[in-house]
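Just follow the structure's listing: the first ligand is 1, and inside any ligand the first atom is 1.
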Amino acid sequence: MRIIQCSQCGAEDLYQDGGFMVCRYCGSRFSLEKSDRAADSFVSVKSDVDELLKKCKQDPKNARKYANLILDIDPNNEEAYKYL
Ligand SMILES: [Zn+2]
């Protein structure tokens, strides 16, 4: 789930208006294009974690090292804790 937050006032109560998200509190408008890019970077972080988990399985000797890298990216990753 993606949380959209107003960068002007910090409110999380935004509504969609055409191609924009509009803050209910201060009225700031944000292009939806910007938040799509944020979603893309989230996906690429997830694939990095998947890649490192794969390495944990393929290279058990260094699994601990990879697990620590995963936890740097995603401190709540339960899979990574198994390799510590
Ligand atoms: Zn606002």
- [ ] With the Zn ion (ligand 1) as the centre, enumerate protein N/O/S atoms below 2.8 Å in chain and residue order.
- [x] Cys6 SG, Cys9 SG, Cys23 SG, Cys26 SG
Open item on the list: Would you say that more than 12 heavy atoms from the other residues, nucleotides or ligands in this model lie under 6.0 Å from the CD of Gln16, or not?
Closed with: yes
TODO: Return yes when atom CZ of Arg24 has more than 12 non-hydrogen atoms of other residues, nucleotides or ligands closer than 6.0 Å, and no otherwise.
DONE: yes
Task: Residue from Leu52, Leu53, Asn68 passing side-chain contact (heavy atoms from CB on, under 4.5 Å) with Tyr83 - done: Leu53
Task: Heavy-atom pair with the smallest gap, counting every atom of Cys56 and Ala63 - done: SG-O, 3.6 Å
- [ ] Could you tell me the separation between the NZ atom of Lys55 and the NZ atom of Lys65, rounded to the nearest 0.5 Å?
- [x] 9.0 Å
TODO: Output the distance between atom CZ (Phe30) and atom SG (Cys6), rounded to the nearest 0.5 Å.
DONE: 3.5 Å
